[in-house]
There are 2 protein chains.
Amino acid sequence: MAGAATVEKALDVLFHLHDAGEAVGLSDIGRALNLPKSSCHRLLSSLMDREMVDRDEWGRYRPGLALLSLGIGAQRREPVVSAARPILEREAEGLGETVFLIGLRHRRLRVLDKVEGSGFLRAAPRIGDVVPADITAAGKLYSVFGEGGDELSPAETREIAGRGAAVNRDAWINGLSVLAVPVWQESGQGPGDLVAVLAVAAASPRFDRLGENEIETRLLAGAASIGERMSAGGVSRRHDRIGRKPR
Amino acid sequence: MAGAATVEKALDVLFHLHDAGEAVGLSDIGRALNLPKSSCHRLLSSLMDREMVDRDEWGRYRPGLALLSLGIGAQRREPVVSAARPILEREAEGLGETVFLIGLRHRRLRVLDKVEGSGFLRAAPRIGDVVPADITAAGKLYSVFGEGGDELSPAETREIAGRGAAVNRDAWINGLSVLAVPVWQESGQGPGDLVAVLAVAAASPRFDRLGENEIETRLLAGAASIGERMSAGGVSRRHDRIGRKPR
DNA sequence: TTGAAACGTTCCATTAATGGGAACACTGTA
DNA sequence: TACAGTGTTCCCATTAATGGAACGTTTCAA
């Protein structure tokens, strides 16, 4: 709404390079975004000065490695990520399947971290990606236990609430089964805060061979460990700073 | 040089948030960068719209998670990263120490990937960080075998060239020893291309207990595997695109 | 070999976005 | 209560971004 138009155009360029998947030429960018070549060139120059954009050997543009430093920095500031890392690795190793840590940020579900399993088929979402809220097991959990998320049928809501876990079979990606459990952080008083979701994704046959119960008990234990590590690990709720809450 | 000043200011803000380490208030940003509050506010609004910047519960600003998606995307485009990943994991597991993959990008050495070992002391550089070229083992390798890098004494150059590996003890970080080997990609004709450096960092006592020879032979084998995987794994040198080389 | 069409780059007058002061509502401190 | 600090929103003269046109190369088709 209110904003610096130039910055938004620069971000358009940056995200376009990200979405493109492969390196893109200047003229292609201009056509895709309805920007004159000279504007593109100027924006890209500024982005390249900070290595937000890089060029391949043919001069085409692609996202730069400064983004990696910034992105890892952003991830590092998420307390739940450092608390969950060891558990993600342990469960990915134990189950042999990919384990996700998914959080609600900016009203959208994002993959905060993941550790891949040894299976031949691996789930597609990458770290940092947004995942759809309405059809994923993580989305179901947030709509039942969290604040965001869409509404669910009363029957399904009751089942998930009672079970403390959500399952998704083939709805998101065909042939893929997912089981997700909530990660609670105890806040001292009242019920805990839903800080993330722990999920395992596996090809459906493999998922069945492991067994829902086995997966569920492992994940529930893992989620509990993460919650404990967050409460213990100095996630001190500092209130000693000046300023007011947004909105 | 030629550029969009607004974009550069926005990037100033972004990198400032990254460097700050903790969330920063609007006025603090303005003071640090000599920008008026209204300008900061506008820039931050545009950055927040795309989740390049996020706010904590007190309204202070911090890097946003969209950067994570973009950064992982940039990393994924580095062929050497995907080729090296399994080797990094294997060696980090086998040696129990942190293994780095470092590449020369934009005339600077960057940590392209790393896998942490089990040791209590872990090396500090993070994925995406720039490491100094003049005092690191990786820098020495690039100055001997690569194009960039600073000059080295003839004696040291001869030793590294003959050995095919570089060692650094306490020069970079006190108490830390590093051994690095080059990763060559065979290009069909002529000598291979130096595409990255594989390095192990360990606390000096632990480093000695493992033994330089043991580390070196393991790393050399690992680097050879990476080179093979790159040549085999479809790093096809496509020349079917339009465009000319830069500069 | 020649022409046309693509590429990325540079220039510059026009125009639109920006800077930065001032005023705002608000919170914690003296 | 008064004060100093937040973050937010106006506003207008000034400034800096804009984008069309021209340029030199490279590639491809004729």
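In what follows, chains are A, B, ... by sequence order, proteins preceding strands, each numbered from 1. Keep in mind that this is a model prediction, so the values were computed, not measured. Computed over heavy atoms, backbone and side chain alike; hydrogens, waters and symmetry mates excluded.
- A distance-only check finds no donor-acceptor pair linking the side chain of Y61(B) to the backbone of L44(B) [under 3.5 Å].
- Out of dT8(D), dT9(C), dT6(D), the shortest distance to the side chain of R31(B) is found at dT6(D).
- Between the CD atom of E8(A) and the C1' atom of dA17(C) there is a distance of 12 Å, given to the nearest Å.
- For the pair R62(B) and D56(B), the salt-bridge criterion is not met [side-chain N within less than 4.0 Å of a carboxylate O].
- Separating the CG atom of L44(B) from the C1' atom of dT6(D) is a distance of 15 Å, rounded to the nearest angstrom.
- Each of L26(A) and V7(A) was matched to the nucleotide of DNA chain C holding its nearest heavy atom; the match closer to the 5' end belongs to L26(A).
- Between E51(B) and R105(A) there is no salt bridge, since no side-chain N of the basic residue sits under 4.0 Å from a carboxylate O of the acidic one.
- We find that K9(B) and D12(B) are not joined by a salt bridge, their nearest charged nitrogen and carboxylate oxygen being 4.0 Å or further apart.
- Separating the CH2 atom of W58(A) from the C1' atom of dA6(C) is a distance of 18 Å, rounded to the nearest angstrom.
- R60(A) has its CZ atom 18 Å from the P atom of dT26(D), to the nearest Å.
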Please list each protein N or O that sits under 3.5 Å from an N or O in nucleotides 19-23 of chain C, with the distance.
residue, atom, partner, partner atom, Å
dG19(C), OP1, K9(B), NZ, 2.4
dG19(C), OP2, S39(B), OG, 3.0
dG19(C), O5', S39(B), OG, 3.4
dG19(C), N7, R42(B), NH2, 3.0
dG20(C), N7, S38(B), OG, 2.2

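- With rounding to whole Å, R55(B) atom CZ is found 7 Å from dG7(D) atom C1'.
- K114(A) places a side-chain N or O within 3.5 Å of a backbone atom of P125(A) that can act as its donor or acceptor partner.
- Rounded to whole Å, atom C1' of dC7(C) lies 13 Å from atom CD1 of I29(A).
- Contact check, H41(A) against dG8(C): no side-chain N or O comes under 4.0 Å of OP1 or OP2.
- Counted within 6.0 Å of CZ on R76(B), heavy atoms from surrounding residues, nucleotides or ligands total 12 or fewer; the atom is thus considered open.
- The side chain to side chain contact (heavy atoms under 4.5 Å, CB included) test with H41(B) is passed by exactly one of L35(B), L26(B), I29(B): L26(B).
- Between the CG atom of D56(A) and the C1' atom of dC7(C) there is a distance of 14 Å, rounded to whole Å.
- Distance E57(B) CD to dG7(D) P: 15 Å, rounded to the nearest Å.
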